[in-house]
Structures are given as C-alpha cells and as structure tokens.
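Written below as structure tokens is the structure these notes are about.
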Amino acid sequence: MNIGQAAQASGISAKMIRYYESIGLIGPALRTESGYRVYGDHELHTLRFVRRARDLGFSVEQMNELLALWRDRSRASADVKRIALEHVQELERKAEALRDMAATLKHLAQNCHGDGRPDCPILEGLQG
C-alpha cells in the first residue's frame, strides 16, 4: 500500500509517518523504482503500535524504547512495566497540575462580576 493508504489504515497522517521515519522511530519504507513509499502488513502493524502508544501519551523517546522492547523477543516484561508505570506517574502529575489550574481559574471566575465594569479579578490574577 502507498503512504496515503497506510495513513488511513493506521490513523497516522502521511506527514507524521514521514516525520517518524525521518527521526528513526520507524524504519525507512521500501520504495518503488519511481521513489514512492510502499508499506506492507509489518509496517502497518508498527504504525498501529505507534498510534496506540501516541494515543496513550507516550513521548517519542518512550515510543522508541517500547518499539525496541516489542521487537526484542528476549525482553524482560519488567522493562516494559517500568516504562508504563513511569508514564502513569507523569500523567498523574500532569492531571494534578490541570486540576490546580482549573481550580484557580474557577476561583477567579467566581470572583469576577462579569458585567460592564472594567475591574476583573481574572486579569488581575494573570498579572501575578
């Protein structure tokens, strides 16, 4: 299949496929004599793996590690678990930061009259 078909089948845009190839996250695609990229089942499976990892918020570096472990049949599952749990901790830190931001904005909005007056605690809060 060509890159457009691979993009549609994997859920990753052709632009991102080219990017992932350029940074070495995925291997270079086979090419036709005229230079067009060609993808088979193996490459599509890899792209779907990357898509799922990306959807779960893994960084490119983490995806690279996970792909290497996925390809290594002698891997230790403890290595995969470590990466996953480190990522869970990172997601939980980000979620807490988002909750704090939402609480701050909610507090500022509750103290804003929201009328025609120029005074606005939201803008004052953004000033620091």
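For D41, there are no side-chain contact (heavy atoms from CB on, under 4.5 Å) partners two or more places apart in sequence or in a different chain. Contacts of Q5 classified as side chain to side chain donor-acceptor pair (under 3.5 Å), with partners at least two apart in sequence or in another chain: none. Taking D115 as the reference, R117 meet the salt bridge (charged side-chain N to carboxylate O under 4.0 Å, His left out) condition, with sequence neighbours excluded. With sequence neighbours excluded, the residues that form a side-chain contact (heavy atoms from CB on, under 4.5 Å) with V88 are E92.
By the 4.5 Å heavy-atom criterion applied to side chains, V38 and R31 are not counted as neighbours.
Follow the hydrophobic side-chain contacts under 4.5 Å out from Y36 and you never reach Y20; the two are in separate clusters. Following chains of ILVMFWY side-chain contacts shorter than 4.5 Å, one can reach I26 starting from Y19, so the two form part of one hydrophobic cluster. A continuous path of ILVMFWY side-chain contacts below 4.5 Å connects I23 to F49, so both sit in one hydrophobic cluster.
Between the E86 side chain and the I83 main chain, no donor and acceptor come within less than 3.5 Å of each other.
Listed by first and then second residue, the side-chain hydrogen bond (donor to acceptor under 3.5 Å, both in side chains) pairs that reach into residues 43-55 are R51-D55, sequence neighbours excluded. Applying the ring-ring contact (aromatic ring centres under 6.0 Å, His included) test to every pair with at least one member in residues 80-128, sequence neighbours left out, gives these pairs: F58-H87.
To the nearest 0.5 Å, atoms CG (L67) and CG (D72) are separated by 12.5 Å. Between atom CG of residue N111 and atom SG of residue C120 there is a gap of 10.5 Å, rounded to the nearest 0.5 Å. Taken from CG in L91 to CG in L98, the straight-line distance is 10.5 Å, to the nearest 0.5 Å. Atom CG of L47 sits about 9.5 Å away from atom CD of E21, to the nearest 0.5 Å. For the atom pair OG (S77) and CZ (R82), the distance works out to 12.0 Å, reported to the nearest 0.5 Å. Between K81 atom NZ and L69 atom CG the span is 15.0 Å, to the nearest 0.5 Å.
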Test salt bridge (Lys or Arg N to Asp or Glu O under 4.0 Å) applied to E96 and R99, step by step: CA-CA 5 Å; E96 182 63 30; R99 281 191 289 277; 3.0 Å; yes
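Of the candidates I17, L44, L30, N2, I17 is the only one forming a side-chain contact (heavy atoms from CB on, under 4.5 Å) with Y39.
Counting non-hydrogen atoms of neighbouring residues, nucleotides and ligands closer than 6.0 angstrom, the CD atom of Q8 reaches no more than 12 such neighbours.
Listed here is the closest heavy atom pair of V50 and M63: O-SD, 3.6 Å.
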